[in-house]
Amino acid sequence: MNNSNVAQKEFNHVDNDAKRLSKDTLTYGIAVIIPALIGIISISVYTRIFSVEAYGEYNQVFNTTLVITTLFSQWIQQSIQRYRPMYRERNQLKHFNSNLMNLLTLMFLIIVGFGLVGGLFKEFLGRYESYYQICVLLVLTQFTFLVLGALLQSDFKGKTYKNYNLLTAILKFAFGLLLIFYVNRAPISIVYGLVLGQLILLISLFRRTGLSITLIKISKLGESLTFIKMFVIYGFPMVGWFIGTSILNLADRYMLESLGTIEDVGVYSANYSIVSASLGLLTTPLLTAAHPIIMNKVGKFPDIEIGKTITYFTRIYLIISLPLLAFIAVFHKEITQLFLGESFREGSIIIPILFLGLIFWNVGMYGHKGYEIREKTKVMLSFIVVSALVNIILNLFLIPSYGYVGAAVATLISMGIYPLLIKVFSYKYITWRINLLSILKVALTTIIAGLVVGSLKSFLSNYIFIQIMLGGGIGLIIYVSLLFILKEINYQSIKKKVAVKFTKR
């Protein structure tokens, strides 16, 4: 094959990635935007209904169930994304589904067993004892929903995934509010709402994934054990990785409670939720869409082409997320006035700090795809352990002196360490290249747009919502214009694609 043909194939490969990414990002975006908006609305409602202490208590309970759910589910989710495409290529999805049902049955028994044993010691939970039974059920429903969702993503059933995400988000919030206002005006009602919102959809979700109880085959126990062993070898090191991730993301909350107060946890958690919801609103669809695209290239394209795809997705992510950082930095006080109760607004200073930390973290999610493909999950685990230990050590020193601001700084630094380690050692597997010139251009335009909007902010409007909208619109126009001027966005390419769209119509 001559060089021109190779170049053309490479161009088509990247161009197809871009088309698939834009299509799937739009699909997943709808699945994420409404739940994220509901999440923001729920934060606004709950922080006005409950005290800082009560909200902090609920947040600790919810985060703990997330850690436990992660322990049980994430290794299965990652293994599904890794191996289901292989079974599909061999036309063996029926075998995959049967073995997966045997695995899920085993996991249900394990979770219930741990729940029963743990119930013997629940009196040691103190203020959290009343949450125990419903939290066991929450772990079960979250576990099932996450695993089935991974199946839909792996099969590129984005619309179905979107619909279930939308429905469960609406139902969880609706049930929570109904229980709060008509049954029990306490944070535990939110947890009951989460369980009911998922439970009501699980039977339908099982059917849409092609799974059913009839696929459970005890007679194929030997085959299932081989299947489970394959999942364990690949995915189980990911349990450690995700637990490390949970420690990295949640240790600050536990340490704030032990070294500070539960009120500190409430303020920190509410502001952190604003960060994760706003960043996730626009970047989670991109990451969700990118993962199956990358994984489905394994065995079909050489490492260098997969590396180019990862680099391309990283660049797109930064183009989207960095201007959001500038927007958050300029309007963090106004945002908390809109979305948080008055007692929680003093923590707005940590929003830009945490936002930058999460940008670093999400960049690492792209960079470590090469490690996942090469099944170097133990290396990933070692990196996350280093990051988590740094987080804990920094929290020990910073929280006593600076409270939740110190916890935010510790999170920023430790979340920056992980992608740095991923980048430094990626040459051993699938090299993760970062276009520094592109980043400099995007960072420069972001800073200029942020400074201009910041200087104009007080002149825009006396109404907070209008001020935020006008500021965001002006900043976006400046940012995009500068990207065109610096040729970071290709005007001719966009013009050509738009012309093709209209020609087809």
Side-chain angles (χ1 to χ4, degrees), residues 3 6-19 21-22 25 279 282-283 286-287 289-290 293-294 297 301-330 352 355-371 412 415-454 475-497:
N3 291 336
V6 172
Q8 183 62 39
K9 182 178 179 181
E10 180 180 314
F11 172 79
N12 290 336
H13 144 66
V14 175
D15 193 48
N16 288 336
D17 287 342
K19 290 177 181 177
L21 182 68
S22 60
T25 299
L279 184 60
L282 293 177
T283 60
L286 184 66
L287 186 60
I293 293 173
I294 295 170
K297 288 184 176 297
F301 291 90
D303 288 354
I304 190 169
E305 296 302 322
I306 296 174
K308 288 178 181 178
T309 300
I310 295 171
T311 298
Y312 172 76
F313 290 162
T314 303
R315 174 176 167 271
I316 297 299
Y317 172 76
L318 290 173
I319 288 175
I320 293 173
S321 61
L322 287 180
L324 289 175
L325 173 63
F327 176 79
I328 288 289
V330 173
F355 202 94
L356 180 57
L358 284 175
I359 287 177
F360 286 153
W361 178 250
N362 286 332
V363 165
M365 297 303 99
Y366 292 98
H368 76 198
K369 293 303 176 189
Y371 292 75
L412 168 62
M415 283 187 168
I417 288 174
Y418 182 75
L420 179 62
L421 292 173
I422 289 290
K423 175 69 179 76
V424 169
F425 293 98
S426 69
Y427 73 93
K428 294 183 178 181
Y429 312 110
I430 296 177
T431 303
W432 179 30
R433 301 186 188 280
I434 296 177
N435 189 329
L436 292 179
L437 180 60
S438 175
I439 292 177
L440 286 174
K441 288 180 182 179
V442 173
L444 177 63
T445 55
T446 296
I447 292 169
I448 293 172
L451 289 173
V452 172
V453 173
L476 181 62
I477 292 170
I478 295 171
Y479 177 71
V480 173
S481 299
L482 289 173
L483 288 182
F484 277 121
I485 292 170
L486 294 174
K487 297 182 179 180
E488 189 60 25
I489 296 178
N490 190 322
Y491 171 74
Q492 292 299 330
S493 175
I494 293 175
K495 182 179 177 182
K496 183 179 178 181
K497 288 178 180 179

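Residue numbers count from 1 along this sequence.
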Open item on the list: I need the single residue from Thr311, Ile439, Ile310 that forms a side-chain contact (heavy atoms from CB on, under 4.5 Å) with Ile434. Which is it?
Closed with: Ile439
Task: Sequence-distant partners of Leu444, side-chain contact (heavy atoms from CB on, under 4.5 Å), two or more places apart - done: Ile448
Task: For Thr446, the option from Leu483, Leu324, Leu322, Leu318 that meets side-chain contact (heavy atoms from CB on, under 4.5 Å) - done: Leu322
TODO: Write down the atom of Ser481, the atom of Ile477, and the distance for their closest heavy-atom approach.
DONE: OG-O, 2.6 Å
TODO: Please name all residues satisfying side-chain hydrogen bond (donor to acceptor under 3.5 Å, both in side chains) with Thr314, sequence neighbours left out, ordered by chain then number.
DONE: Trp432
Task: Nearest heavy-atom neighbours spanning Gly475 and Ala449 - done: O-CB, 3.8 Å
Open item on the list: List the residues meeting side-chain contact (heavy atoms from CB on, under 4.5 Å) with Leu412, not counting sequence neighbours, and say none if there are none.
Closed with: Ile353, Leu356, Phe360
TODO: Would you please name every residue forming a ring pair (Phe, Tyr, Trp, His ring centres under 6.0 Å) with Phe327, sequence neighbours left out?
DONE: Phe331
Open item on the list: Ring-plane angle category for Tyr317 and Tyr366, please: parallel below 30°, perpendicular beyond 60°, tilted otherwise.
Closed with: tilted
Task: From Phe313 atom CZ to Ile316 atom CD1, the distance as rounded to the nearest 0.5 Å - done: 9.0 Å
- [ ] Would you please name every residue forming a side-chain contact (heavy atoms from CB on, under 4.5 Å) with Ile447, sequence neighbours left out?
- [x] Leu451
TODO: Could you give me the CA-CA distance, side-chain angles and deciding distance for Tyr418 and Met365, then say whether side-chain contact (heavy atoms from CB on, under 4.5 Å) is met?
DONE: CA-CA 9 Å; Tyr418 182 75; Met365 297 303 99; 3.9 Å; yes
Task: Set of side-chain hydrogen bond (donor to acceptor under 3.5 Å, both in side chains) partners for Tyr479, sequence neighbours left out - done: none
Task: Closest non-hydrogen atom pair, Ala326 against Gly450 - done: CB-CA, 4.2 Å
TODO: Determine yes or no for a side-chain-to-main-chain donor-acceptor pair under 3.5 angstrom, with Lys441 supplying the side chain and Leu486 the backbone.
DONE: yes
Task: salt bridge (Lys or Arg N to Asp or Glu O under 4.0 Å) contacts touching residues 309-329 (sequence neighbours left out) - done: Arg315-Glu488
Open item on the list: To the nearest 0.5 Å, what is the distance between OG1 on Thr445 and CD1 on Ile319?
Closed with: 8.5 Å
Open item on the list: Tell me if a side-chain donor or acceptor on Ser321 pairs with a main-chain N or O of Ile359 at a distance below 3.5 Å.
Closed with: no
Task: Distance, nearest 0.5 Å, that separates CG of Asn362 from CD1 of Ile320 - done: 11.5 Å
